[in-house]
A.B. asks: 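Structure in structure tokens, see below.
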Amino acid sequence: MIKKRLLALADLWGTLLLSHPRCFGPAGIESWEKALLNSWESVSKSASDAQLVDALNSKLLNNLSSPLIEAEYIECKQQNNAIDDNIIKQDYLFVRPCKKILLIKIMRTEWLANKKYTSLFFRELETFLSKNPVENIVFDFRLYNQKINWIPKTFFEGFLSQPSRSQSLHQLVHCGWNEDFNDYVYYQSWKKLPGKYFIAGDSEISLCKKRMIIVLNRSSIALLSDGLPLWRSKPNRRIVFETSGRWNFSKKNIFEFSEKVLINIPVECDFEYIDLITSKDFDSNFEEIFEESFKFPDSVRQFVPPDFPSGSMVLKDNVDSTSTGHYFVSFTKIWNILRKFSPTFIRLHDTGEKWFLKKVESLIHIANDKDFRNFLKKIAGELPDNHSGVYFPDEKIGILPLKLVFAGEKLYGIGKNFVGEITHINLVPLRDFRETFQKTSGSSTPQFEKSSFLKQLSEGYPGEKIMFRLELTKPSPQPSYTETPARGSKIESASLIEDCCTIDMEFTYQEDKPEEPLPSSSAMLFSEPEWAKTLDILKHEIVLLRPFDLADTNDLFEVFNFIVGKAKKLIIDLRGYPKKHFQVSLASCLTKSSIRLPACEIPVVTASDRNSRKFEHVEYRFNQNLTSGNTVFEGPVIALIDESTVSASEFTGLVIKMNRKVTFVGRPTAGNCGNASFIRLFNGSHFLFTGMDVFDSDGTLFEGRGLLPDILVERSIKGILEKRDEILERAIREFQTA
């Protein structure tokens, strides 16, 4: 019961976060997070539905200060509308409560669906006004016995002297995207829906000039939703909302918190910008409320979207203290964002409700920060998304793809340009790990030297990351860090290769040994300019380019101006991570044709479609005349790739592949080309995931597949200890033999 209630609370909080304008802006986000923190315990421990409704309204929903968003217990008694049962059979009733005001009580709504009947109503109204002249009219739409689901436009057309269009409706739209390495999850924008068109009715112009008010309550506001924007956009028109009756919104607006507790959530934000005068009892002081309402100006209040902080929304937790409530807030953020903006999560868990219930069962028993961090790490490890991970600023752990190799009765980890001996697994010394593993796995563990040990290790920690600590015997240039581990890492021995879990790696160095730089297979061109340091001239008119070390696009163009005419063959090293993203510019230096980028699908969430999932299909093409200053290299090209080719570097290789012929040499890449998105949590930590799908040139999904080499090259411990670049050597041999 508690788990399902927490699921509904998390769903409600996330739904309003993505649909309600008052949740935006730095103050709005902070307030909305604190509202969840303040409400989660009261909501989960409510002993009855009545207490649940009170907790939702007082602790959470009242934070939005909106009379239109309120939890309701559907078995509560309806308020008496004070209308005599003897006259309830009438459709409408003209009442003169005072000399200045005509009160029109709408008794039944069936007649509103008939255009001829509404025309008759306006004729009778004109006749009544000719005998009882008044300048102020109140339409009492506090309904309790409506028989139709909406009031047709024909009713509002009777108040028009000419055809008119109502105000535009606005809906929040969130588009999953990330650029410039900012910490945000998605952009927000506004979807503008054109207002509905109304034809002028048959009423006299004199009726249109009178001051008029519509009085609504919960039961009727949804019925008039089509015409209210038109009504309020005209001079001398006002709206009064009485907090009585029972909500009667359409199904798309109703949030079912439980079987008996419903919540109305208007999806068009314009309701929040109509001048709603809230009253608990209009009848007791209607004259005063009438005059008060006309203190609002006649001019139409144009809708102005609220400012987003720096054009985006950043989820953050401003409270440093930790508790189960704070853990629930962070977990709720992660779940709401993943189920809307993570294609990988959506494919795996659909709405994620079963996943939430399973995880929250463990969450509510977490009592300290360390356990919660491990809880988040496990979530990231289980998500088959190569960007998934959790970053904590006080944990100095780098995440890199590794190969594990047995040699000389020792276990080594191999990465790009380094080799290290494994000394710890999951922070436990290797010599003690067999006993620890045996206790946790509940099975006998073979001797460490056998390769089946790591196979059992992988199976014994399903869905969890394994952290290896490496002791580098010789300090070497630290490889480029990525925010994401590579799935599909391999464990190698002389006889067996098995799939392994993701590997987190913490570097430690032996300071007592002298630093020895890695030997270069070629000589540098110059010491100046800086871009020249990214080039090596090899034998047989071969040039090696390391584009990820270039500072900017201008340096890239300088490099190719130098290469063209001096080299016949080009090797591009795509290992590591770029300092600057210039995939299009690099492709423009390799082809004279227009540049085509990989197809992407980006999740899009609109407030009115909160239960649906939509993906925006995006494909870009750039004409060559959009770039300038570049020279095109038309000779044969080889690209070097391996496990360190991740994310932006993979995207660079994919762009090159789609726009010219290139031979890939090395090892398969990580397969996480989609944008890395961030969810801020607490104390500077954040959760990472892939926010969009990217497709290869053949239309296959790139995530988890990566770039596959045309020529596979396996690196060896011997080669790395001898400081040889075996992938580069194989590329050079390929050019020489060709």
Side-chain angles (χ1 to χ4, degrees), residues 1-20 22-23 28-76 218 243 246-247 249 253-266 315-319 321-340 351-367 372 375 379 610-611 679 681-682:
M1 178 67 178
I2 294 178
K3 291 186 298 180
K4 290 185 177 181
R5 190 169 287 181
L6 290 177
L7 169 64
L9 177 62
D11 189 10
L12 173 63
W13 184 86
T15 298
L16 286 167
L17 177 71
L18 299 179
S19 61
H20 202 284
R22 296 184 186 178
C23 291
I29 297 170
E30 179 181 354
S31 176
W32 192 231
E33 289 181 1
K34 288 182 177 179
L36 177 62
L37 180 63
N38 294 333
S39 64
W40 86 279
E41 188 170 6
S42 299
V43 169
S44 61
K45 294 183 178 180
S46 298
S48 64
D49 287 324
Q51 291 182 6
L52 174 61
V53 168
D54 180 68
L56 287 171
N57 288 328
S58 61
K59 300 290 187 179
L60 184 72
L61 301 178
N62 287 355
N63 184 76
L64 298 175
S65 301
S66 171
L68 302 182
I69 299 180
E70 186 179 29
E72 181 188 24
Y73 180 40
I74 61 174
E75 287 191 355
C76 65
R218 297 186 184 102
T243 55
R246 177 178 294 170
W247 289 116
F249 268 82
N253 295 81
I254 291 296
F255 183 96
E256 186 174 347
F257 193 92
S258 66
E259 184 180 351
K260 297 181 179 180
V261 178
L262 304 179
I263 301 167
N264 160 55
I265 301 179
L315 296 179
K316 60 182 180 179
D317 195 340
N318 295 283
V319 184
S321 60
T322 55
S323 66
T324 307
H326 289 88
Y327 303 150
F328 179 71
V329 171
S330 292
F331 175 63
T332 298
K333 293 178 189 177
I334 292 173
W335 176 63
N336 274 290
I337 298 304
L338 288 181
R339 68 181 182 136
K340 296 295 185 181
T351 62
E353 292 186 357
K354 293 181 179 179
W355 181 88
F356 181 96
L357 292 172
K358 182 179 179 180
K359 295 299 178 188
V360 83
E361 185 174 1
S362 302
L363 177 71
I364 57 181
H365 298 295
I366 292 177
F372 181 60
F375 172 78
I379 289 177
R610 61 185 176 88
N611 293 320
I679 307 174
L681 300 178
F682 53 88

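Sequence positions, counted from 1, serve as the residue numbers for this chain.
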A.B. asks: Given side chain to side chain contact (heavy atoms under 4.5 Å, CB included), test Arg218 with Glu70 step by step and report yes or no.
C.D. replies: CA-CA 10 Å; Arg218 297 186 184 102; Glu70 186 179 29; 2.6 Å; yes
A.B. asks: Is any side-chain heavy atom of Trp40 less than 4.5 Å from a side-chain heavy atom of Leu60?
C.D. replies: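 Not in contact.
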A.B. asks: Using 30° and 60° as the class boundaries, would you call the ring planes of Phe356 and Trp335 parallel, tilted or perpendicular?
C.D. replies: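 The rings of Phe356 and Trp335 sit tilted, inter-plane angle from 30° to 60°.
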A.B. asks: Where do Lys45 and Arg5 come nearest, in terms of heavy atoms and distance?
C.D. replies: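 Smallest heavy-atom distance, with atoms named: C-NH1, 4.5 Å.
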A.B. asks: To check you understand the geometry: which heavy-atom pair defines the closest contact between Asn264 and Ile254, and what is its length?
C.D. replies: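 Closest approach of Asn264 to Ile254: CA-CD1, 4.2 Å.
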A.B. asks: Minimum heavy-atom separation for Glu361 and His365, please, with both atom names.
C.D. replies: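 Looks like O-CD2, 2.9 Å.
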A.B. asks: Side chains of Trp355 and Ile379, heavy atoms from C-beta outward: is any pair under 4.5 Å?
C.D. replies: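 SC-SC contact between Trp355 and Ile379 confirmed.
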A.B. asks: Using every non-hydrogen atom in the two residues, find where Gly14 and Asn336 come nearest and quote the distance to one decimal.
C.D. replies: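 The answer is CA-OD1, 3.2 Å.
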A.B. asks: Does some side-chain heavy atom of His20 sit less than 4.5 Å from a side-chain heavy atom of Ser66?
C.D. replies: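 A side-chain contact exists here, since the closest heavy-atom pair is under 4.5 Å.
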A.B. asks: So Val329 and Leu681, do their side chains get closer than 4.5 Å, heavy atoms only?
C.D. replies: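 Sidechains of Val329 and Leu681: no contact.
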A.B. asks: Under 4.5 Å between any side-chain heavy atoms of Trp13 and Leu17, yes or no?
C.D. replies: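 Heavy-atom side-chain distance check passes, below 4.5 Å.
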A.B. asks: What's the shortest heavy-atom distance between Gly325 and Leu37, and which atoms?
C.D. replies: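 Looking at all heavy atoms of both residues, the closest pair is C-CD1, 3.4 Å.
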A.B. asks: For Asp11, is there an ion pair with Arg339 - N to carboxylate O distance below 4.0 angstrom?
C.D. replies: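 Looking at Asp11 together with Arg339, the answer is yes, because their closest N to O distance falls below 4.0 Å.
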A.B. asks: Say you draw a straight line from CG of Leu12 to OG1 of Thr332; how long is it, rounded to the nearest 0.5 Å?
C.D. replies: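 Leu12 CG to Thr332 OG1: 11.0 Å, rounded to 0.5 Å.
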A.B. asks: Any side-chain heavy-atom pair from Leu7 and Val360 closer than 4.5 angstrom?
C.D. replies: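 Not touching, per the 4.5 Å side-chain cut-off.
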A.B. asks: Less than 4.5 Å apart, side chain to side chain, heavy atoms only: is that true for Leu6 and Leu363?
C.D. replies: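 With C-beta onward as the side chain, the pair stays apart.
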A.B. asks: Looking only at heavy atoms, what is the nearest atom pair of Ser39 and Leu9, with distance?
C.D. replies: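 Looking at all heavy atoms of both residues, the shortest contact is OG-CD1, 4.1 Å.
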A.B. asks: Kindly state whether the ring of Phe331 and the ring of Phe372 have centres lying under 6.0 angstrom apart.
C.D. replies: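 Centroid distance Phe331-Phe372: not below 6.0 Å, so no.
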A.B. asks: Evaluate the side-chain proximity of Leu68 to Ile265: yes if any heavy-atom separation is below 4.5 Å, no if none is.
C.D. replies: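 No, side chains not in contact.
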A.B. asks: Going by the angle between their ring planes, with limits at 30° and 60°, are Phe257 and Phe255 parallel, tilted or perpendicular?
C.D. replies: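 Ring orientation of Phe257 relative to Phe255: tilted.
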A.B. asks: Using the rule given for side chain to side chain contact (heavy atoms under 4.5 Å, CB included), can you reason through Thr324 versus Phe328, listing the C-alpha separation, both sets of side-chain angles and the distance that settles it, and then say yes or no?
C.D. replies: CA-CA 6 Å; Thr324 307; Phe328 179 71; 5.6 Å; no
